[in-house]
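What follows is one structure encoded as structure tokens, with my remarks underneath.
Lettering follows sequence order; numbering is per chain, from 1.
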Protein chains: 2
Amino acid sequence: MLSKRTKYGLKALTFIAKQDKENPVQIATISKEENISHKFLESILLSMRKAGFLGSKKGKGGGYYLLKDADKIQMSDVIRLLEGPIAMLPCVSLNFYERCDDCPDETKCSVHALMIEVRDATLEILKNKTLADLVADIS
Amino acid sequence: MLSKRTKYGLKALTFIAKQDKENPVQIATISKEENISHKFLESILLSMRKAGFLGSKKGKGGGYYLLKDADKIQMSDVIRLLEGPIAMLPCVSLNFYERCDDCPDETKCSVHALMIEVRDATLEILKNKTLADLVADIS
DNA sequence: TGTATTCCCTACTTATCCGATAGGGTTTAA
DNA sequence: TTAAACCCTATCGGATAAGTAGGGAATACA
């Protein structure tokens, strides 16, 4: 299950991407329009800024804006930042690998093999989907 | 992330499917061989029995056995039982649908559209994968 | 220069759920 | 009759998610 953190983050990104690139979007605006708790959203946007997806401007007229073009922002990257691993098991995760305590040999684990298939299919979608696609989907 | 419950359940099912169909497999055996807590496994097998995947026999020489042929047991069904929804968001779940508090209109939600794609891809794999395939994968 | 605006940062709370454990009860083969 | 095995309910500790609190720092603009 996707956390609300990730869901809100994606919605916020989409919202920002829809706006003029020139003037930044305020937390309060997104919070109101997308029905997201102001403070919670704040922490989400902050982490996306730190990760280099967003830039920010303080003071009056400030807010958040995209640092890259929307079609250069892959969903896989955003989700990895906000959610963590895309794989359904740590032992099949590419970026967050961890071995299982109970498995003496991963290659002999039926679940392992299955989950690699699922991971690859999911990744295929999330890599080829950009923020620009998301904006287009709802327009 | 797949819960241990589901992972253990799948491993146990695979283990049972590997055995002779005639004599039932004991919890203790699976627990030992697959390094799963005995009591925890007990509750998992119980729910799979109640769901109709497994049959059981009490008393000495008892244990669990498959009620259907392994190639008739779809991964999507097992996962839905043990894990719950396959979708990454309640609002795109086929079997556990729930609407989002924050979305006035699902069709206008960028995340919604994306997660439907992911769900369909995942489902495609899990529906076509049977317990028989899992056994074959590790043999 | 002052003030309102806006983002920045840390810490805390609260609820929920997962994984596991405890402790019996019931059925059955031998 | 007895030991093996499943059946059932209750409980618990720890982790995590979601949201809250409260102030700090930078900036535009009058």
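- At whole-Å resolution of the value, CD1 in B:Ile44 and P in D:dC6 are 14 Å apart.
- Read 5' to 3', the first and last nucleotides of DNA chain C with an atom closer than 4.0 Å to a heavy atom of chain B are C:dG19 to C:dA29.
- B:Ile27 comes within contact range of the sugar-phosphate backbone alone, with a heavy-atom separation under 4.0 Å but no base atom that close.
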Sequence-aligned protein contact record of nucleotides 14-30 of chain D, with B where the base is within under 4.0 Å of a protein heavy atom and S where only the sugar-phosphate is: ----SSBBBB--SBS--
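- Looking at B:Arg80 and B:Leu126, their side chains never come closer than 4.5 Å, going by heavy atoms from C-beta outward.
- Phosphate proximity of D:dC8 to B:Arg49: present, with a side-chain N or O under 4.0 Å from OP1 or OP2.
- Classification of A:Lys127 and A:Asp77 as a salt-bridged pair fails, no side-chain N sitting under 4.0 Å from a carboxylate O.
- At least one side-chain heavy atom of B:Ser47 sits less than 4.5 Å from a side-chain heavy atom of B:Arg5.
- Partners of B:Lys4 according to the side chain to side chain contact (heavy atoms under 4.5 Å, CB included) rule, which considers only residues two or more places apart in sequence or in another chain, are B:Tyr8, B:Phe40.
- Annotation: side chain of A:Leu54 is not in contact with side chain of A:Tyr65 (no heavy-atom distance under 4.5 Å).
- For A:Glu117 (side chain) and A:Ala113 (main-chain N/O), no donor-acceptor pair under 3.5 Å exists by modelled atom type.
- Put simply, OH on B:Tyr64 is 6 Å from P on D:dC6, counting in whole angstrom units.
- If you check every strand for non-hydrogen atoms under 4.0 Å, A:Lys50 touches sugar and phosphate atoms only.
- Put simply, the residue from B:Leu13, B:Leu10, B:Asp137 that forms a side chain to side chain contact (heavy atoms under 4.5 Å, CB included) with A:Val111 is B:Leu10.
- A donor-acceptor contact shorter than 3.5 Å links the side chain of B:Arg119 to the backbone of B:Val92.
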